2 protein chains.
Amino acid sequence: MPEREDGPRSGDSPRLVRAVARLRSSGERITPARYAVLRVLDAADRSDEHLTAEQIGSRVAEAEPSVHRATVYRSLASLVEVGVVSHVHLGGSAAVYHLTDERPSPATALGHAHVQCSSCGRVIDVPPDILEPVAARLRDELGFRLATTHAALLGTCRDCT
Amino acid sequence: MPEREDGPRSGDSPRLVRAVARLRSSGERITPARYAVLRVLDAADRSDEHLTAEQIGSRVAEAEPSVHRATVYRSLASLVEVGVVSHVHLGGSAAVYHLTDERPSPATALGHAHVQCSSCGRVIDVPPDILEPVAARLRDELGFRLATTHAALLGTCRDCT
DNA sequence: CTGCCTGCAAAGGATTTGCACTCAT
DNA sequence: ATGAGTGCAAATCCTTTGCAGGCAG
């Protein structure tokens with residue numbers, strides 16, 4: 001017998017459960033739409049996918065057909081604001097979303113960075129510390145605090161060279 | 001007596017003249033629209049401005065009112081393709097354009113990089129070598145060739161801290 | 001209950017495209 | 001003359017918003 005799809009499920013990953021808890025403790029409401037969005041993002045993370053709002057919308061629609069596209073955008077906005085979800089602006093085209101990295105070590109405070117191949121469009125995760133030297137210089141020379149997570153660097157990936 | 005606005009002018013900067021020459025030698029045609037776009041970009045560069053396509057369009061309209069918005073986009077696309085103009089994708093919002101940096105020393109091959117304040121929107125130019133360590137790591141570890149010029153890094157500028 | 005969230009539809013900004021025409025070469 | 005470039009309008013893509021009703025708390 002299948003489980004209901006609009007509430008907690010036994011298959012929910014610890015990370016998902018934590019995300020929901022964090023959302024709740026931020027005073028945000030747990031709705032079927034938001035649950036579905038989080039579940040989609042959690043599943044995507046396991047396969048290292050980076051989904052656009054539209055892709056998230058269509059996957060959400062599989063589980064919760066009644067959820068409107070606009071609601072997905074609004075849900076994502078709320079989730080981002082709370083910090084449960086991060087979004088990355090890709091060059092020119094749509095933004096992609098994923099669950100915010102949780103820090104095993106609370107030392108460095110940032111999630112992973114992204115690079116995108118302008119040829120094939122693929123998004124590649126890179127360790128956050130790769131931008132550390134850049135962040136340091138910007139801080140020292142310009143007083144600029146770099147958000148290493150927020151934008152994708154563009155270039156050409158190995159396969160497209 | 002004013003000079004005509006649809007052809008070379010005595011006030012045209014050497015850099016503009018070179019850009020036009022390069023455009024011509026690429027087999028592209030020199031039209032009033034393209035001339036006007038280049039002139040706007042040249043003027044903007046002198047004041048360290050980064051213009052969006054729309055801003056370029058309205059400035060072009062002052063000199064050449066008959067030039068259509070769509071033509072500005074198409075002109076910019078051609079200019080970018082030829083390499084005379086570079087465009088930078090800013091976080092989420094519109095792309096900005098500027099004349100491609102010319103290299104005094106042909107050693108390093110890249111123009112300047114950009115960072116943008118997500119609070120006030122300001123775009124700051126930074127020396128291209130700031131991304132060199134990042135480019136090196138991406139190349140070595142992923143075979144990814146970084147286009148240091150193409151995307152803006154996001155963060156918070158000193159004034160908005 | 002109360003108001004945060006939602007569904008719907010419609011607007012919005014940025015950019016692109018189909019088509020016929022025009023002008024740089 | 002000939003096709004690269006253009007003007008125009010309409011389409012596209014991604015996202016946001018106004019409003020009335022609905023469900024989480």
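Convention: sequence-line order gives letters A, B, ...; per-chain numbering from 1. Here the structure is a predicted model, which is why all the values come from computation and not from measurement.
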Here the distance between atom P of D:dT6 and atom OH of B:Tyr35, to the nearest Å, is 15 Å

Rounded to whole Å, CD1 of A:Ile56 lies from C1' of D:dC14 at a distance of 13 Å

Does the salt bridge (Lys or Arg N to Asp or Glu O under 4.0 Å) test come out yes or no for B:Arg59 and B:Glu49, once each step is laid out?
CA-CA 13 Å; B:Arg59 297 197 186 186; B:Glu49 289 180 290; 3.1 Å; yes

From CD1 of A:Ile30 across to P of C:dT6 the rounded distance in Å is 10 Å

Note: for B:Ala70 and A:Arg69 on DNA chain D, the residue whose nearest nucleotide lies more 5' is B:Ala70

- Query: Base, sugar-phosphate, or nothing for B:Arg34, non-hydrogen atoms under 4.0 angstrom?
  - Reply: sugar-phosphate

NA contact type, A:Ser78, heavy-atom cut-off 4.0 Å: base, sugar-phosphate, or nothing?
nothing

So CG of A:Leu38 and CG of A:Asp12: to nearest 0.5 Å the spacing works out to 9.5 Å

B:Leu38 atom CG is separated from D:dG5 atom P, nearest whole Å, by 13 Å

With a 3.5 Å cut-off and heavy atoms only, can you find an N or O donor on one side and an acceptor on the other between the side chain of A:Arg74 and the base of C:dG7?
yes

Closest to the 5' end of DNA chain C, once B:Arg24 and B:Ala53 are matched to their nearest nucleotides, is B:Ala53

| task | Would you indicate what A:Thr52 reaches in the nucleic acid, counting non-hydrogen atoms under 4.0 angstrom: base, sugar-phosphate, or nothing? | result | nothing

Once you apply a heavy-atom cut-off of 4.0 Å, does A:Ala95 come out as touching a base, just sugar-phosphate, or nothing?
sugar-phosphate

Using a cut-off of less than 4.0 Å, is there contact between a side-chain N or O of A:Ser75 and OP1 or OP2 of C:dC5?
no

Between OH of B:Tyr73 and P of D:dT12 the distance, given in whole Å, is 18 Å

Picking from D:dT15, C:dT6, C:dT15, the nucleotide nearest the side-chain atoms of A:Thr31 would be C:dT6

Notebook entry, point to check: With distance as the sole criterion, do the side chain of A:Arg29 and the base of C:dC5 form a donor-acceptor contact below 3.5 Å?
Noted result: no

Does A:His114 have its ring centroid less than 6.0 Å away from the ring centroid of A:His98? yes

Separation of C:dT15 atom P from B:His87 atom NE2, nearest Å, is 10 Å

Rounded to whole Å, the CD-P distance (B:Gln55 to C:dT15) equals 11 Å

### Query
Counting only heavy atoms not in B:Glu141, do more than 12 fall under 6.0 Å of its CD?
yes

In whole angstroms, the gap separating C1' of C:dA14 from NE2 of A:His89 amounts to 15 Å

Classify B:Ala77 by what it touches in the nucleic acid, base, sugar-phosphate, or nothing, heavy-atom distance under 4.0 Å. nothing

Crowding at CZ, B:Arg137 (>12 non-hydrogen neighbours, <6.0 Å): yes

